[in-house]
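Okay, structure first, notes after.
Keep in mind that what you see is a predicted model, and the values were worked out from it rather than measured.
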Amino acid sequence: MDQQPYNDDYDQELPVDQIIIEVEDDDENDNPNPNDNDGFVEVPPHQGLNYPPPPPPPITPPLADDNNNNNNNSNTKNEINQDMPIFLSESTTPTIPSLTSSPNIGVSYDGFEYVGRDRGNSVFKDDERAADGATSPSKAPPKKKISEKERKKRAKMNRTHAVPFFSLFRFADKIDKTLMVFGTLAAIANGAAMPMVSLIFGEVVDAFNPDAFNADPNFSIYSKVRSVSLWFLILGCVVFFLSYIETALWMIAGERQTNRARKEYLTSILRQEIGWFDTNKSNELASRINSDTVLFQEAIGEKVGRFIHYIATFFAGFAIGFTKGWQLTLVITSVSPLLAFGGGFMAKMMTEMTRLGQEAYSRAGGIAEENISSIRTVTTFSGEKKAVEQYSHNLKDALKVGYKRAVYNGLGLGFVQFVILGTYALSFWYGSTLVSKGTRNDLTGNAWTGGDVVAVFFGVIIGATSIGQASPNLSSFAQGRGAAYKIFQVIDRPSKANPFSARGIKPTSLSGDIEFKNVSFHYPSRPDVPIFKSFDLSIKPGQTIGLVGDSGGGKSTVISLLERFYDPVEGQILLDGDDIKKFNVRALRQKIGLVSQEPVLFATTISENIRYGKEDATQEEIEEAARLANAHQFISQLPLGYNTMVGEKGVQMSGGQRQRIAIARAIIKNPSILLLDEATSALDSENERIVQEAIDILMRGRTTILIAHRLSTIRNADVIVFVKHGTVVEKGTHDELMELKGYYHRLVEKQDQHDMNSVLETGRSRRSSTFSDVNPLLDSFNVRKRAGSKFSANGAPSIPKNGKKEKKNTKPVDVPMSRVISYSKPEVLYWIFGFLAAFGTGSVYPAFAIVFTEILTIFQNPDPDYVTKNANFIALMFVVLAVGAGLSNFFQTFLFSVIGEKLTFRLRRDVFANILSQDVGWFDFPENSSGKLTSHLASDASLVQGMTSSRLGVMIQNILTMVGGLVIALIAGWKLTLVTISCFPLVVGVGKIQMQVLQGFSADGIDGTGAAGQVASEAITGIRTVASFTTEKQVLALYKKQLKGPISAGIKKGHISGLAFGFSQFILFAVYCLSFWYGGKLVDEGEFHATETQIAEQCNNSTIPLYWTDFPTCKHAQDTILGFNAMMRVFFAIVLSAIGIGQASSFAPDLAKAKAATNAIFKLLDTKSKINPMEEKRDANGNLCTINVVVGDIEFKNLHFAYPTRPNHNVFRGFSLLVPAGCTVAFVGDSGGGKSTVISLLQRFYDPAEGEIFLDGYNTKHVDVKHLRSLFGLVGQEPTLFSGTIAENIRYGKEDATQEEIEEAARLANAHQFIIGLPNGYDTQLGEKYTQLSGGQKQRIAIARAIIRNPKILLLDEATSALDNESEKLVQEALENIMEGRTTLVIAHRLSTIQNADIIAFVRAGQIVERGTHEELLEEGGLYAQLIARQMGHK
């Protein structure tokens, strides 16, 4: 046996100076590849690859964030069980040293290897150190004492449920770090450049000082202003370059790291042991990839660069202030403690609100995924209304949190605005005092001038305001840290059976010697219910072992333990003499072939599904395996053959077809050990016989474990083992056990009594498709680029989308803003008051332009009394503005946030309800897979807020600011205004181009991420199949392939955003330059003249000798002062308008996403269902269309039908059948003949293209859908149960059922006894995918759910196939009692269950070719007789 060296050396302590790390080559090959040992290098300790972090950001009040309302898309936060904390107390802390924060580093320590992720920051429990799936070491690594500071830090992280900020960048590689370093440098330089405007502006103010006319009557203002204005142009060019670098590099770095985080998260999920999935809901794990990583990306992308930018602005602004005038700077900074106080409180509350909101949306997302993925069961039991109510209930919890968040947002923004404008009042009051008293400026050596005051004021205010602008980013950081906490918990959790590990024995072959020694076991989710107690079993090489016993006795657990889905609590499992834990997990599973009772297929081609058994299989090998599984013939007849897509969860295949593909997948694996769990259960007799022969050949020379309820499949086994209550009570050959006359003998006797032909019975299906035999098969489908069918979901012709060109031709119709707003009609009062508040906020800045211009003009007057008197009044006006701005900002933010929260709630609820109202055929299309639909609910609904809520309020505010500013500017100086606004098309054009380009990228990104999310969702929900066939790497490769499109679009978006943002900034500086240059020119040319009154007041006998040399000089000075006033009023009015447009265009990335999401979400809302179960059907008199007295006569009349995804492939061609009331009609025939389609059409899952179906003379199309489905009781092959208690699952069949009715239904289904044997009885919670129950237990609960409805018509699709003989006998008797007097349709492959049917119909190729009683059909000697003969021959 070829194996890796494995000895006690692995348990030796590793020298501190020999720590091994594995460095992966590149991101493109970042699949964990433990087999590649070339990357191992030895490095001294404490030489990690961490780069020094920037200083921590200050805490300031969070304002209304661009994406604050978008955090609703984090609706998939689930509670991770307490087994896997990232950060533990000191007592449980192991000693893996912190080596690096790079994701491409794998730590190999003490014989264990963590590949492709940072283990330096992980802290594991002692009992979880066996992370790689090999044997657990007997020695722990040397303990490393943790400092008290570190311990408190970890405790805080566990308490706050948020990771440290710099831990968010753990996935950054060298390229990302380089991008972030240069992006940071650009952000710092760009931020520092902004306060430089204050210096230039101060020079402009001093250039208009009229004192210059006293010294030089010929002084030219124009020449002075021209030289100063050029600095604006130079600064604009610098800012353009820096803005592009800052935005583009941070966006690209964020995209790359998020892409890597998504891969790493899925990798970590796939490496967990199966037991972990029993306590963690797979639907929530899957949706977290789509939602939480969005929050994660926002916290590490361009918002970090923007935050650094604003922090640099803060420091640069205050540096200018202190170097130009420290007295005024100190006065302005005296209000800083107010900002700090508000910021600390707000940050704390926002973090808490974010966490609570995430938890609520997580629960809602789980409900959505569960119901959409089980839509056929929901539809059968008319559970749509209940599902919507459950979903809405969880959304309401998040809505309450959203209200609180709106209050805190409003308070934060209002408070900051009040403080800032209050600072204006304080600053100019004190500044005017310095100027009027002629106070000497120590730093300049001259008296304080108006220019000094303006320079200091603008420098400090720009710096202080930047804190307010940085604050919203703190909210994004808090959300990202909270989202990362949950993600990192999964990533950092060690697996007890890691399929990616390279450690352990890697056998080239196995003889198959298996021994269970004193094994005790319980499932992780139910530790108080033991499954095995001292279980012992020995299997010799090449033996075939048959496991029999009661349902739920532990038979399938044997397979789970052998596959290392779970590990024993006590005892050992030996394989070829070695403890199974010593084997490499992947190598072990590659030697085991499993065909289970639940054949899980993935949404890819038939060929790829078979290739999952052998990654490098050729097409010839695939076809040979299909031939052995008797699948080649039906595959070849499909239009696309082996390239046919099987649909989500294999829904496009019939049950028998799915099972045969699964068997081919196992055959191509060529395993050393075969595990067959009802392997041929879903096949008809002909196919079963052929497949069984193939399996018999495959079994030769291999150790085989068979599980069966039908004893005919195991009677020839070398050893038959009877398992009861988790122990082996009997074992031997069939003959030996019959002689013992014990448990096995009684089991055989019961089966014989139940059915004289029991020996014909092979194990029947525990799992296959419930509703489709010949189901739609897509002509062409790829998860990312798919060719659409010629018909839409509702049967209408549609344009095919083949490739990119056709995609461009089918652009989505934009949803008008009016429609989005109309969706918030109930909040009309909120809208009214919100608009009023926005009007108030928008009026603040035009009023500010007037007041601010007046204070600047006052500084130009040389009369100190005039300055003091007027400055005090202006300061009072600033106080009034501050109060108004604070109130209006609070109400605007609060009201629009509430509108946004309610809009998101309403959209999610209505879209979910509309999804559930669709006909079942709509879900057959790949674009309507559960993964993509839940992704739309998770993210798109919240992104629609980008069209309304706070963002719309800000846009309204800016429009008012712009209009008010233009009016003021035109009145003050129309020439300068026209010249200045001539540049506006450039600003608006840049914003529009950015919107259009980004919208296209956003739409592609949403689609691409949805495709990747579908891959992840399928893999996680089908984790047992993925683990069994060791297809983790294939899944990751496909997932990475789907992510290439979105990351490419994200990088393009980064460049476009950077260029647009930089250019818009440059335009503003250019406007500054033009405005002051042309304004100075107009003033110098005498465009503005003071009035006679102004001249008389300022140029009189008391002022001329004191302040002016003569009257002409005084008059010239007054004209200049008035011109300065007009120029500044125009400038500030226009600049504030431009800032309003700039703010609106700065929302472009979010508005682009919002527009794309709005189109997607309203497309779902507008999708009309052909068969709407939530819409009541009424007649002309308004009465509900029901059948008052149901007799049970059914007539299928000349049905023609094709599934919507394959309109050219007819399933039925003239299908007709009359079913008299009270009769039992059985459908038999080859697998894939159309039997289950009869049930689908009867329940109106689909409507026939031609023909009619009548129930008691009523056309089923004219009967209310909900009423119609309430008449049926369906028990299918696939018992889909839901999260919740057993009682709730049974009550699903009858909403108002009492506990007594539930228990009675359970008794009839023979489920009561095992239910009350559980610790919590009927209140037992069913685990994720209900793996806590055996197949028979699940089926009995499903039968009880159907029985409790007391249906008029019974539909039985292999209803008892998963039960053991004793249970089946009792349940069959119960069903037969219920069937009395009821019309019953039965589908069966096993003919013994239908021989007593009143009518047996043989279905082939969509038509009934034979019908009659059992005896009549035997006499005819036709197809039915041949089928009976084949089953007899199979005996």
Side-chain angles (χ1 to χ4, degrees), residues 57-58 60-61 63 187-205 228 231-232 234-236 238-239 242-243 246 305-326 328-336 339 343 416-417 419-428 430-431 450-473 844-845 848-849 852-853 855-856 878 881-882 885 1061 1064-1066 1068-1069 1071-1073 1075-1076 1128 1131-1132 1135-1136 1138-1140 1142-1143 1146:
T60 53
L63 309 183
I188 293 172
N190 196 17
M194 301 308 292
M196 300 298 293
V197 173
S198 65
L199 295 177
I200 303 175
F201 194 73
E203 291 295 321
V204 171
V205 172
V228 173
W231 283 105
F232 280 114
I234 295 170
L235 191 60
V238 174
V239 167
L242 294 175
S243 296
E246 171 196 330
R306 205 58 54 84
F307 182 82
I308 296 171
H309 171 119
Y310 291 132
I311 295 302
T313 301
F314 170 78
F315 284 108
F318 276 86
I320 289 173
F322 279 109
T323 56
K324 287 288 289 184
W326 62 269
L328 182 57
T329 302
L330 286 178
V331 170
I332 297 174
T333 55
S334 64
V335 298
S336 297
L339 291 174
V416 168
Q417 288 295 318
V419 171
I420 289 176
L421 287 172
T423 305
Y424 280 53
L426 179 63
S427 304
F428 285 114
Y430 183 68
D452 291 338
V453 173
V454 169
V456 171
F457 172 78
F458 270 113
V460 176
I461 288 301
I462 288 174
T465 306
S466 67
I467 292 296
Q469 293 170 316
S471 297
N473 298 305
V844 167
Y845 287 98
F848 169 78
F852 187 67
T853 301
I855 194 70
L856 294 181
F878 275 122
L881 280 176
F1061 177 63
S1064 63
Q1065 292 291 94
F1066 169 77
L1068 291 178
F1069 279 98
V1071 170
Y1072 296 167
C1073 176
S1075 299
F1076 286 124
M1128 283 300 177
F1131 173 78
F1132 278 105
V1135 164
L1136 290 173
I1139 289 174
Q1143 288 180 351
S1146 71

Determine yes or no for a side-chain-to-main-chain donor-acceptor pair under 3.5 angstrom, with S466 supplying the side chain and Y310 the backbone. yes
Heavy-atom nearest pair, T423 first then V419, reads OG1-O, 2.6 Å
Does a side-chain heavy-atom distance below 4.5 Å link F1069 with I234? no
- Message: Test side chain to side chain contact (heavy atoms under 4.5 Å, CB included) on L421 and V844; report intermediate values, then the result.
- Response: CA-CA 10 Å; L421 287 172; V844 167; 3.9 Å; yes
Distance col, row I462:CD1 vs I320:CD1, nearest 0.5 angstrom, shows 7.5 Å
Q. Taking C-beta and beyond as the side chain, do V239 and F1066 meet within less than 4.5 Å on heavy atoms?
A. no
Interatomic distance, OG1@T313 vs CZ@R306, rounded to 0.5 Å, equals 11.0 Å
Closest non-hydrogen contact found for L235 with A193 is CD2-O, 3.7 Å
The single option from F852, F232, F1076 that satisfies ring-ring contact (aromatic ring centres under 6.0 Å, His included) with F1131 is F1076
* To do: Give the C-alpha distance, both sets of side-chain angles, the deciding distance and a yes or no for side chain to side chain contact (heavy atoms under 4.5 Å, CB included) between L242 and H309.
  => CA-CA 10 Å; L242 294 175; H309 171 119; over 6 Å; no
By side-chain contact (heavy atoms from CB on, under 4.5 Å), L330 pairs with (sequence neighbours left out) F322, W326, T333
**Request:** Test I308 against I188 for side chain to side chain contact (heavy atoms under 4.5 Å, CB included), laying out the working first.
**Result:** CA-CA 6 Å; I308 296 171; I188 293 172; 3.7 Å; yes
Less than 4.5 Å apart, side chain to side chain, heavy atoms only: is that true for Y1072 and F201? no
The test is side chain to side chain contact (heavy atoms under 4.5 Å, CB included); show your working for L426 and S334 and say whether it passes. CA-CA 10 Å; L426 179 63; S334 64; 4.0 Å; yes
Heavy-atom closest pair (A187 atom, A312 atom, distance to 0.1 Å) is O-CB, 4.2 Å
Residues A316 and P195: closest non-hydrogen pair is CB-CG, 3.7 Å
CZ (F1061) and CD (E246) are apart, to the nearest 0.5 Å, by 6.0 Å
S243 and Q1065 have their tightest heavy-atom pair at OG-CG, 3.9 Å
Fit a plane to each ring of F457 and F428, take the angle between them on a 0 to 90° scale, and name the class: parallel (under 30°), tilted (30 to 60°) or perpendicular (over 60°). tilted
In short, I332 meets S427 closest at the heavy-atom pair CG1-OG, 3.1 Å
Quick one: sort the F848 and Y845 rings into parallel, tilted or perpendicular, breaks at 30° and 60°. perpendicular
Query raised in the report: With side chains defined as the heavy atoms from C-beta onward, is the minimum distance between K324 and T329 less than 4.5 Å?
Result: no
